[in-house]
Amino acid sequence: MERIWDQSYGTMVLRQIQADQPRRWEETGATHLRVSLPSEITHLLWMQEQGFQFVDRMLTVTIPLQRKTKDWSQWIRFPILLETNRKEEILALAERNFPFDRRFQVEVDYSNEVAKPILVKWIEAIPAYYVCFHQEKVVGFLALQEEKEANQAQIVLAAVEKRYQATGVALSLYAKAIQVGVERGYRAITGQISCWNTAVLNLYAYLGGVFSNPQDIYLKQRSRTRKEGENE
């Protein structure tokens, strides 16, 4: 199954592609291409020949909930509230925590100038966040997206202030997500995580997460702006 969609950020057009097999995709109208493919060496060689650069490997993680009988509230060590009006603080925290995140960094050599409008749209598109506080300060957040047809919820974005990463803030946020999932009768909490993000990989494993479906991410950078004569 293949899915292709364009996202515009001013003069930049990011073409997102999810596919099972590599091929020559139409590049007209796009300034950047981000392709997700199953992790296979033959795919890597083919994509490199087409001018793409391998930049990341993403894993799907699933935390089954049917057998989760723990009192997850005991794992929540900090106040956590569902907030809709803290997006400026959340954005500032996200900028500090995602300087190399390939969901937002679509330039091969990284560019915070290019990444910021992508991150801003992500933050704005999520209606509410579970926000963790320490002395009324936002020190972490987590966005949980319900997938009712699949009877599950997905952690789509989460971050913790660096100075609080060893204090249990992340565990509190993820335990809160599991608690919400259990209360709503979901079969699982899922997420997508870079294989290089060892801290969160270890956290998911600690919480009983099962990893699967490795997907390789490739980038191709054509231009920061549309070329003259290309379609809007």
Side-chain angles (χ1 to χ4, degrees), residues 7 58-99 101 103-104 115-194 197 199-211:
Q7 296 171 303
M58 302 294 292
L59 299 172
T60 298
V61 58
T62 303
I63 304 174
L65 299 183
Q66 296 96 323
R67 299 178 183 176
K68 299 297 181 183
T69 58
K70 296 178 182 178
D71 180 5
W72 292 99
S73 65
Q74 296 182 7
W75 296 47
I76 302 171
R77 305 171 185 172
F78 292 83
I80 296 176
L81 298 175
L82 187 62
E83 296 278 358
T84 60
N85 60 354
R86 294 272 191 160
K87 291 192 176 182
E88 287 188 9
E89 294 164 271
I90 289 169
L91 175 60
L93 197 161
E95 283 188 272
R96 293 191 292 272
N97 278 266
F98 300 138
D101 194 308
R103 290 171 295 181
F104 319 114
K116 183 170 182 178
I118 301 175
L119 180 57
V120 168
K121 277 200 174 182
W122 269 68
I123 298 295
E124 290 178 346
I126 297 170
Y129 292 83
Y130 289 97
V131 178
C132 185
F133 294 90
H134 177 63
Q135 297 180 349
E136 300 185 359
K137 177 184 177 181
V138 173
V139 295
F141 68 85
L142 181 147
L144 193 64
Q145 179 177 299
E146 296 181 284
E147 300 174 343
K148 293 184 178 179
E149 290 185 4
N151 193 30
Q152 64 186 26
Q154 181 183 15
I155 296 172
V156 293
L157 200 62
V160 173
E161 198 73 73
K162 288 185 178 180
R163 61 179 292 195
Y164 292 91
Q165 288 178 355
T167 64
V169 170
L171 180 61
S172 297
L173 285 165
Y174 281 73
K176 180 66 176 181
I178 294 172
Q179 181 188 54
V180 170
V182 169
E183 290 173 351
R184 296 180 183 176
Y186 290 136
R187 66 175 184 83
I189 297 293
T190 67
Q192 297 285 327
I193 183 68
S194 168
N197 191 345
V200 178
L201 287 172
N202 289 336
L203 177 59
Y204 270 122
Y206 180 69
L207 294 169
V210 178
F211 302 95

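Lys121 NZ: more than 12 foreign heavy atoms inside a 6.0 Å radius. Atom CD of Glu183 sits in a crowded spot, with more than 12 heavy atoms from other residues, nucleotides or ligands closer than 6.0 Å.
When all heavy atoms of Phe141 and Ala94 are compared, the pair lying nearest together is CZ-CB, 4.1 Å. Closest non-hydrogen pair, Leu142 versus Leu173, comes out as CD1-O, 3.8 Å. Nearest heavy-atom pair, Ala177 versus Ile189, reported as atom, atom and distance to 0.1 Å: O-CD1, 3.6 Å. Taking both residues in full, the closest heavy atoms of Leu65 and Gly181 are given as CD1-C, 3.7 Å, listed atom of the first, atom of the second, then distance. Heavy atoms only, all atoms of each residue included: Phe98 and Ala159 are closest at CZ-CB, 3.7 Å. Pairing each heavy atom of Val169 with each of Gly140, the nearest pair is CG1-CA, 4.3 Å.
A salt bridge between Glu89 and Lys137 is absent, with no side-chain N of the basic residue lying under 4.0 Å from a carboxylate O of the acidic one.
For the pair Leu207/Trp72, a side-chain contact is recorded, criterion being any heavy-atom separation below 4.5 Å from C-beta on. Looking at Glu146 and Arg184, their side chains come closer than 4.5 Å, going by heavy atoms from C-beta outward. The shortest distance between side-chain heavy atoms of Leu201 and Leu59 falls below 4.5 Å. Between Arg96 and Glu161, some side-chain heavy-atom pair lies under the 4.5 Å cut-off. The shortest side-chain heavy-atom distance between Val120 and Leu91 falls under the 4.5 Å cut-off. Annotation: side chain of Val160 is not in contact with side chain of Val139 (no heavy-atom distance under 4.5 Å).
In summary, the side chains of Gln152 and Glu147 do present a donor paired with an acceptor at a separation below 3.5 Å, with no hydrogens or angles considered. Of the N and O atoms on the side chains of Ser73 and Gln179, not one donor lies less than 3.5 Å from an acceptor on the other residue. Side-chain contact, Tyr130 with Glu83: no donor N or O sits under 3.5 Å from an acceptor N or O.
Note: Cys132 SG to Ile76 CD1 = 9.5 Å, rounded to the nearest 0.5 Å. Atom CG of Leu157 and atom OH of Tyr129 lie 5.5 Å apart (nearest 0.5 Å).
Remark: side-chain polar atoms of Gln145 are not paired, donor with acceptor, to backbone N or O of Ile155 under 3.5 angstrom. A donor-acceptor contact shorter than 3.5 Å links the side chain of Arg187 to the backbone of Ala150. Here the side chain of Ser172 pairs a donor or acceptor atom with the backbone of Arg77 at under 3.5 angstrom. Judged by distance alone, the side chain of Asn97 and the main-chain N or O of Leu93 form a donor-acceptor pair under 3.5 Å. One N or O on the side chain of Lys87 and one on the backbone of Glu124 form a donor-acceptor pair closer than 3.5 Å.
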Leu203 and Leu171: CA distance, side-chain angles, deciding distance, side-chain contact (heavy atoms from CB on, under 4.5 Å) verdict: CA-CA 7 Å; Leu203 177 59; Leu171 180 61; 4.0 Å; yes

Phe133/Arg86 under side-chain contact (heavy atoms from CB on, under 4.5 Å): CA gap, chis, key distance, verdict: CA-CA 12 Å; Phe133 294 90; Arg86 294 272 191 160; 3.5 Å; yes

Test side-chain contact (heavy atoms from CB on, under 4.5 Å) applied to Phe211 and Thr62, step by step: CA-CA 7 Å; Phe211 302 95; Thr62 303; over 6 Å; no

Test side-chain contact (heavy atoms from CB on, under 4.5 Å) applied to Ile63 and Tyr186, step by step: CA-CA 11 Å; Ile63 304 174; Tyr186 290 136; over 6 Å; no

Verdict with reasoning, Tyr204 to Tyr174, per ring pair (Phe, Tyr, Trp, His ring centres under 6.0 Å): CA-CA 9 Å; Tyr204 270 122; Tyr174 281 73; 5.3 Å; yes

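Taking the six-membered ring where tryptophan is involved, the planes of Tyr206 and Trp75 are tilted, since the angle between them lies from 30° to 60°.
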